[in-house]
Amino acid sequence: QQQVKQSPQSLIVQKGGISIINCAYENTAFDYFPWYQQFPGKGPALLIAIRPDVSEKKEGRFTISFNKSAKQFSLHIMDSQPGDSATYFCAARSGSARQLTFGSGTQLTVLP
Amino acid sequence: GAVVSQHPSRVICKSGTSVKIECRSLDFQATTMFWYRQFPKQSLMLMATSNEGSKATYEQGVEKDKFLINHASLTLSTLTVTSAHPEDSSFYICSATLVTEQYFGPGTRLTVT
């Protein structure tokens with residue numbers, strides 16, 4: 001019940017395209033859903049996060065869509081750029097817990 | 001703001017020796033820090049939760065006698081890999097909590113020969 005399932009495992013997108021990464025969870029106690037971006041040999045960096053009281057959050061080219069009834073959330077990267085090539089992790093946390101539960105990661109490659 | 005550093009960034013040690021990795025929150029105080037381990041092309045695996053002034057809480061399957069964690073101050077936590085073996089070679093990442101957000105360090109690549 002603590003798992004967060006992430007798909008796809010890898011994604012190749014042309015420059016200017018839209019990258020979409022999906023995550024699903026089971027634990028209804030989760031109330032915070034961040035996305036992290038990780039470049040090779042570096043630690044993850046917080047990209048954008050959402051709480052379940054809203055269905056969408058946008059920050060620049062990055063948008064989180066959240067579907068509470070389906071227990072799914074997704075990251076959309078608009079106008080994808082080669083510099084966006086990285087591994088993306090979704091995560092979730094419940095209010096009573098301090099630790100994050102991470103998805104398995106998606107390796108995004110944006111072709112020039 | 002909210003910068004977390006790790007030292008060293010890379011370390012190579014011989015089998016049987018111990019290695020200490022430092023995690024510092026540079027511009028904030030963190031009552032809670034976390035230690036993760038990451039294998040190539042895999043997700044982050046939580047090893048332990050470190051609270052300032054108290055014993056760390058280890059995840060199931062993580063040997064507390066092998067991975068010693070000390071959270072001596074609100075800005076410093078250390079992970080010591082004792083009697084390291086080649087299978088301990090991995091990327092170790094810490095994070096520090098500020099309010100509700102976790103901020104990650106840049107990671108430490110440990111190679112045990």
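Atom set for the values below is all heavy atoms of this structure, side chains included, hydrogens, waters and symmetry mates excluded.
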**Report entry** Option that, when pairs with chain B are counted at under 4.5 Å, heavy atom only, ranks first among A/G43, A/P44, A/G105
**Finding:** A/P44
Query raised in the report: Looking only at heavy atoms, what is the nearest atom pair of A/G103 and B/S43, with distance?
Result: O-OG, 2.7 Å
Report task. Could you look at B/Q6 and say if it's the side chain, the backbone, both or neither that has a heavy atom under 4.5 Å from chain A? Result -> neither
Query raised in the report: Got more than 12 heavy atoms from elsewhere within 6.0 Å of NE2, B/H7?
Result: no
Query raised in the report: Has B/K55 got more than 12 heavy atoms of other residues, nucleotides or ligands less than 6.0 Å from its NZ?
Result: no
**Report entry** Interchain contact, B/Y103 with chain A, by part (heavy-atom threshold 4.5 Å)
**Finding:** neither
Query raised in the report: Do you know which two heavy atoms are closest between A/L100 and B/F104, and how far apart they sit?
Result: CD1-CZ, 4.4 Å
Query raised in the report: Which atoms of A/F39 come close to chain B, meaning under 4.5 Å heavy atom to heavy atom: side chain ones, backbone ones, both, or neither?
Result: neither
Requested in this report: Enter the distance from B/Q38:CD to A/F102:CZ here, rounded to the nearest 0.5 Å.
Outcome: 9.0 Å
Requested in this report: Please check if A/L75 and A/L11 belong to a single hydrophobic cluster, counting links between Ile, Leu, Val, Met, Phe, Trp and Tyr side chain heavy atoms closer than 4.5 Å.
Outcome: yes
Query - Residue among B/E101, B/K41, B/M45 with most heavy-atom pairs under 4.5 Å to chain A - result: B/E101
Query raised in the report: Does A/Y36 belong to the same Ile/Leu/Val/Met/Phe/Trp/Tyr cluster as A/Y25, with side-chain heavy atoms less than 4.5 Å apart forming each link?
Result: no
Query raised in the report: Measuring heavy-atom distances to chain A, does B/T97 have an atom under 4.5 Å in its side chain, in its backbone, in both, or in neither?
Result: neither
Report task. Indicate, with yes or no, if A/L47 and A/I50 share a hydrophobic cluster defined by side-chain heavy-atom contacts under 4.5 Å among Ile, Leu, Val, Met, Phe, Trp and Tyr. Result -> yes
Report summary line: Residue from B/V4, B/L46, B/L44 scoring the most non-hydrogen pairs under 4.5 Å with chain A is B/L44
Query raised in the report: Among the clusters formed by ILVMFWY side chains lying less than 4.5 Å apart, do A/F62 and A/Y32 turn up in the same one?
Result: no
Query - Neighbour count above 12 (heavy atom, 6.0 Å) for B/R10 CZ - result: no
Query raised in the report: Linking I/L/V/M/F/W/Y whenever their side-chain heavy atoms sit closer than 4.5 Å, directly or via other members, would B/L68 and B/V62 fall into one cluster?
Result: no
Query raised in the report: Of the backbone (N, CA, C, O) and the side chain (C-beta and beyond), which part of A/Q38 lies under 4.5 Å from a heavy atom of chain B, both, or neither?
Result: side chain
Report task. Let me see the working for A/Q99 and B/Q102 under side-chain hydrogen bond (donor to acceptor under 3.5 Å, both in side chains), right down to the final yes or no. Result -> CA-CA 9 Å; A/Q99 62 261 42; B/Q102 268 193 48; over 6 Å; no
